[in-house]
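Reading through the structure tokens given below for one structure.
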Amino acid sequence: MTSVQVEEHHDGNEAAAATEGASGDNEGYQRGLGARQIQMIAIGGAIGTGLFLGAGKAIHKAGPSLILAYAIAGLVIFFIMRALGELLMYRPVSGSFSEYAREFVSPFFGFVTGWTYWLFWVVTGITEVTAAAQYMQYWTHGSVPQWAYALIFTVILYGANLISVKLFGELEFWFSMVKVTAIIGMILICAGILTIGFSDAGDTASVSHLWDNGGFFPNGIGNTLMTLQIVMFAFLAVELVGVTAGESKDPKKTLPKAINTVPWRIAVFYVGALIMILSVVPWTSFQPGVSPFVAAFEKMGLGVGAAIVNFVVLTAALSSCNSGMYSTGRMLRDLALNGQGPKFFTKLTKNGLPLVGTTASAALMLVGVWINYQWPGEAFNYVVSFATISGMWAWIMILISQINYRRKADRGLVPQSTFRAPGAPYTSWFALAFIGMVIVMMGVDKDARISLYCAPIWAAILCVSYLVLKSRNPEAAAFKKRVHTGQGVENAADAAPVTKD
């Protein structure tokens, strides 16, 4: 929150929100998310359909070496999350990535980051609610129209997000619990097969599957590198915990704990699960478009597994859409409070919820479902492909903001964070280089290249929009770089060094 909000919002509630925001408080929101919910949001954010469905294509392309790809990418994600954690402990705000980009890069990049992250979740919400409707056909076999399920899910999640932030947290807690239980159950079943030898796969299960059938890199290192985009897509939304900062009951305590669980989350839910699955079932048995969990259950002779996995994937899709409903309203309000979006998005309900922003985003998600129903061809797929590159943009801004923040903090221009990222800024530079390599891989892959074509179009739209807004009021504080000094937010040129005790 910046002084822009103090200058542009003078009625009681909004002025109070701006005053609170200037000190890094809750910006008018209610702190209804407890430690239990924050932990599960952090865990669930790293587990989605990218693992349950997308891993099948990645296994087919890379074989057992996909385990290494997830481990290295997981390390990069940890660097990103620790960079975000350092910023969050400096100033926990709901605007999160766009707020830090606005302060430590420039107002333009704050504008771009906020709107891009908003679009990311709108597009993700469209795809996930549509996917959830498709998963329901497993049980109803077309007796209920797909659009009806999409409408029902959207309305239910929209309603839940307008009741209270606590209800959102509870939904995410139980959605995440289902996903976590499913993966742990799979790991335990595989461990039992490897040690006891039950099920149809008992006689052939062996850890030697990890290097048999062509070796650990059966299709070459090049194909393993090409799977990095799939791997990184699976981790999208792990940064969502940063958006909850403004509504966490005790952000200084709960957020560092949640972020520090990233290594073991990735080690267990990704690396551990893949090691167990590929030890029980040879990698050659997996095919693109088929969930590795479903394929593994079928090879084990456990027919009920398909129904279980379908339920879990349905839960993962609804969890992602629920997160989209939550985050889009907050991002729109942050942009509006900073003079970079329509002012009506600043309004909160009596429960401290961004009604207008959430409603507008939910309406767009409904339009997207209709588009997907009417024109499920290439045009819609082009929009969907934008999700990966737009999601990674948030990571890029987190890293650049942290590098610039650390530089200023070390010079005494801003307060030091109580949760410093280990190895920074070198770890942040490494993470940026890794993301750059993934983007290059996307350009090489003809199936993913379309997402890079969409990015310049969106960038052009944002550039024009920003210039139009700035031309209308060039002296507005929204277009001047701001610095938070611990006593408020002021112009960068006027900021005095922070004295040290």
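Heads up: numbering here begins at 1 and tracks the sequence.
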**Request:** Measure from the side-chain N and O atoms of Ser143 to the backbone N and O of Thr140, and report whether any donor-acceptor pair falls under 3.5 Å.
**Result:** yes
**Any donor-acceptor N or O pair under 3.5 Å, side chains Gln340, Asp334** = no
**Request:** Decide yes or no on side-chain contact (heavy atoms from CB on, under 4.5 Å) for Leu355 and Leu348, but give the supporting numbers first.
**Result:** CA-CA 6 Å; Leu355 171 64; Leu348 292 176; over 6 Å; no
**Request:** Sequence neighbours left out, what passes side-chain contact (heavy atoms from CB on, under 4.5 Å) with Thr154? Give chain and number order.
**Result:** Val129, Met325, Leu366
**Message:** Tell me every residue that passes side chain to side chain donor-acceptor pair (under 3.5 Å) with Thr418, counting only those two or more places apart in sequence or in another chain.
**Reply:** none
**Prompt:** Crowded around Lys253 NZ? As in, over 12 foreign heavy atoms under 6.0 Å?
**Reply:** no
**Prompt:** Taking only residues two or more places apart in sequence, or in another chain, which ones meet Asn161 in a side chain to side chain donor-acceptor pair (under 3.5 Å)?
**Reply:** Asn322
**Prompt:** Is any side-chain heavy atom of Tyr100 closer than 4.5 Å to a side-chain heavy atom of Tyr405?
**Reply:** no
For residues 393-400, please give each side-chain donor-acceptor pair under 3.5 Å, one per line with the distance, not counting sequence neighbours.
| from | atom 1 | to | atom 2 | distance (Å) |
| --- | --- | --- | --- | --- |
| Trp393 | NE1 | Thr113 | OG1 | 3.2 |
| Trp395 | NE1 | Glu239 | OE1 | 2.9 |

**Request:** Kindly give the heavy-atom pair with the smallest separation between Pro107 and Tyr466, and that separation in Å.
**Result:** CB-OH, 3.6 Å
**Request:** Go through the structure and list residues passing side chain to side chain donor-acceptor pair (under 3.5 Å) with Ser327, not counting sequence neighbours.
**Result:** Trp121
**Request:** Examine Arg82 relative to Phe419 and say whether NZ or CZ is less than 6.0 Å from the centre of the six-membered ring and inside a 45° cone about the ring axis.
**Result:** yes
**Request:** Taking ring-ring contact (aromatic ring centres under 6.0 Å, His included) as the test, write out the residues that go with Phe109, two or more places apart.
**Result:** none
**Message:** For Leu75, give me all partners under side-chain contact (heavy atoms from CB on, under 4.5 Å), at least two apart in sequence or on another chain.
**Reply:** Phe79
**Message:** Check the orientation of Tyr270 and Phe235. Use parallel for under 30°, tilted for 30 to 60°, and perpendicular for over 60°.
**Reply:** tilted
**Request:** Start with the C-alpha distance between Arg333 and Leu337, add both sets of side-chain angles, then the distance that settles side-chain contact (heavy atoms from CB on, under 4.5 Å), and finish with yes or no.
**Result:** CA-CA 6 Å; Arg333 183 169 185 261; Leu337 285 171; 3.6 Å; yes
**Asked** Hey, are the side chains of Asn310 and Val313 touching, using non-hydrogen atoms and a 4.5 Å cut-off?
**Response** no
**Request:** Verify whether one side chain among Trp458 and Thr116 offers a donor that lies under 3.5 Å from an acceptor in the other.
**Result:** yes
**Fill in**
Sorted by chain and number, sequence neighbours left out, side chain to side chain donor-acceptor pair (under 3.5 Å) with Glu86 holds for Gln402, Arg406
**Message:** Quick check against the 3.5 Å criterion: does Asn404 have a side-chain atom that pairs as donor or acceptor with the backbone of Val105?
**Reply:** no
**Message:** For a 4.5 angstrom cut-off between non-hydrogen side-chain atoms, does Ile266 reach Phe78?
**Reply:** no
**Message:** The criterion is salt bridge (charged side-chain N to carboxylate O under 4.0 Å, His left out); which residues satisfy it with Arg407, sequence neighbours excluded?
**Reply:** none
**Request:** List for me each residue that meets side-chain contact (heavy atoms from CB on, under 4.5 Å) alongside Ala132, sequence neighbours excluded, and say none if there are none.
**Result:** Phe153, Leu314, Ala317, Leu318
**Request:** Report the residues that fulfil side-chain contact (heavy atoms from CB on, under 4.5 Å) with Ala148, sequence neighbours left out, ordered by chain and then residue number.
**Result:** Val144, Pro145
